[in-house]
There are 2 protein chains.
Amino acid sequence: MRDGGWEPRRLAAVAVALPDGVTPSGTRGRILHAALGLFAEWGFHGTSIRKIGAAVGINSATLYAHYPSKEQVLADLVQIGHAELHHRLTEAVRAGGAPAERLAALMRAHVLAHTDFPLLSVVTNSELHALSAELAAPALALGVASERLLLDVLAAGIEDGSFDLPDVRLAARAIGGMGQRVGNWFGPDQPHTRTQVAEAFVSFALRIAGITTPIPPA
Amino acid sequence: MRDGGWEPRRLAAVAVALPDGVTPSGTRGRILHAALGLFAEWGFHGTSIRKIGAAVGINSATLYAHYPSKEQVLADLVQIGHAELHHRLTEAVRAGGAPAERLAALMRAHVLAHTDFPLLSVVTNSELHALSAELAAPALALGVASERLLLDVLAAGIEDGSFDLPDVRLAARAIGGMGQRVGNWFGPDQPHTRTQVAEAFVSFALRIAGITTPIPPA
DNA sequence: GTCTATACGACGATAGAC
DNA sequence: GTCTATCGTCGTATAGAC
């Protein structure tokens with residue numbers, strides 16, 4: 001076997017961060033933070049409970065006083081990630097407005113969720129396959145609900161004639177996809193602020209929907 | 001530990017496929033195909049050489065008569081994936097033409113590469129972190145070259161005034177990102193053909209660049 | 001080239017002292 | 001709640017017969 005050397009990252013060098021309010025305190029919270037950084041970098045199966053323990057400064061066995069399994073730690077992270085995104089998206093469209101306004105608000109919220117918690121978005125989007133069906137189900141349901149918000153706004157814009165799109169599904173894939181990848185590259189080593197990225201992507205989403213918009217200079 | 005049950009996929013149900021010409025024949029090729037399917041579904045660290053052997057119908061130890069390590073199998077797959085994409089993108093812009101034509105050709109080639117080899121694109125994009133720096137380097141270089149093709153076309157369109165974009169980097173992130181995720185959802189269980197997806201995404205890319213285009217009905 | 005057998009370290013998880 | 005110690009399993013990889 002190799003290992004011991006360095007491996008290339010799949011994300012920018014960013015600090016480990018979790019949303020306020022939902023993160024447990026004490027050792028339980030420190031385990032969650034450490035696992036987030038390690039899962040984002042090495043993947044779930046590439047991270048051992050011994051490495052998590054070392055990062056926290058506890059013995060690996062102590063983890064089991066706080067979580068029933070390593071898998072449950074991932075399940076909590078994935079749930080927090082999907083819940084945070086769904087909460088932000090719901091808030092974004094709560095004010096209502098024309099479809100173009102709601103699409104802009106959705107895209108803005110989506111991008112900012114990924115710039116504010118890039119590691120969480122990477123883990124949430126790319127480690128879900130490591131969860132059993134039972135543990136993944138709650139997060140998957142939230143993901144479906146989040147996708148629904150975008151599909152509904154696109155359908156509304158087609159309905160009232162403000163969008164120029166023959167089909168909502170492919171547009172939703174494109175808009176969702178370009179937002180989802182933000183967590184993989186956003187970080188201090190690139191030149192744009194979170195707001196610049198968000199406003200640029202808002203313009204891109206509106207353009208995809210068939211509305212010509214100026215794009216704010218980055 | 002759990003396991004034994006089913007786990008959610010991170011991709012659509014698609015057949016395992018590799019590009020013609022570059023894939024080795026015989027047992028070596030069958031190992032590559034089996035590993036592609038397993039890595040795409042379970043990730044590199046979630047796949048054991050015993051599972052690969054079982055999928056091929058050989059003993060796990062026989063793998064080492066064809067590859068020096070499990071990691072080298074992944075390295076070969078990632079290299080094939082990046083090489084295939086880079087080849088197609090290079091061919092797409094070889095004919096030249098106006099920036100809008102070249103952008104359309106690039107996006108079309110990018111999407112079709114991901115619809116034709118979705119598993120390969122998933123492994124290439126999301127398992128690179130499991131490779132050592134040395135084994136990842138050749139593929140990374142190809143990835144940088146592929147990104148360069150897109151950046152150059154966007155810059156040319158701004159230069160000659162045909163594109164309306166203040167900054168090429170964010171547009172490249174958006175256009176590249178929406179294409180990269182195609183491999184995660186394209187498959188027989190969704191209603192669009194590869195051509196429909198490609199033409200829709202071509203229109204999206206042109207719209208992002210600031211060119212108003214009709215989108216072909218899906 | 002493929003097999004059987006196995007080395008041997010790392011894995012997730014548990015037991016039990018404090 | 002944290003530790004030490006350890007269990008049983010599975011990991012990658014090798015040796016050597018055929």
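Quick note on labels: first sequence line is chain A, next is B, and so on, each numbered from 1.
- When rounded to the nearest whole Å, the span between NZ of B:K70 and P of D:dA13 equals 8 Å.
- Atom CG in A:N184 sits 9.5 Å away from atom OG in B:S126 (nearest 0.5 Å).
- B:V122 has its side chain out of reach of B:F39: every pair of non-hydrogen atoms, C-beta onward, lies at least 4.5 Å apart.
- Every residue meeting the salt bridge (Lys or Arg N to Asp or Glu O under 4.0 Å) condition with A:R108, not counting sequence neighbours, appears here in chain and number order: A:E199.
- In the set C:dG12, D:dA13, C:dT2, the nucleotide with an atom closest to the side chain of A:Y64 is C:dG12.
- Whole-Å rounding puts the B:I49 CD1 to C:dG9 P distance at 17 Å.
- Candidate nucleotides C:dG12, D:dG1, C:dG1 were compared by shortest atom distance to the side chain of A:H66, and D:dG1 ranks first.
- Looking only at side-chain heavy atoms (C-beta outward), B:D116 and B:R88 come within less than 4.5 Å of each other.
- A heavy-atom distance below 4.5 Å is found between the side chains of A:L32 and A:V73.
- B:I52 has its CD1 atom 11 Å from the C1' atom of D:dT12, to the nearest Å.
- The distance from atom OH of A:Y67 to atom P of C:dG12 is 16 Å, rounded to the nearest whole Å.
- As rounded to whole Å, 13 Å separates atom P of C:dG12 from atom CG of A:L74.
- Counting to the nearest Å, the C1' atom of D:dT12 and the NE2 atom of B:H45 are 12 Å from each other.
- In this structure, NZ of A:K51 is placed 14 Å from C1' of C:dG12, rounded to the nearest angstrom.
- Take the nearest nucleotide of DNA chain C for A:G46 and for A:P68: the residue whose nucleotide is more 5' is A:G46.
- Put simply, B:S48 has no side-chain N or O that comes within less than 4.0 Å of OP1 or OP2 on D:dC10.
- Between the CZ atom of B:R30 and the C1' atom of C:dG1 there is a distance of 12 Å, given to the nearest Å.
- Under the salt bridge (Lys or Arg N to Asp or Glu O under 4.0 Å) criterion, A:R207 pairs with B:D164, not counting sequence neighbours.
- When side chains are defined from C-beta on, B:H33 counts as touching B:T23, because their heavy atoms get closer than 4.5 Å.
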Which parts of nucleotides 3-9 of chain D does protein reach within less than 4.0 Å, heavy atoms only, written one letter per nucleotide 5' to 3' as B for base, S for sugar-phosphate only and - for none?
-> BB-----
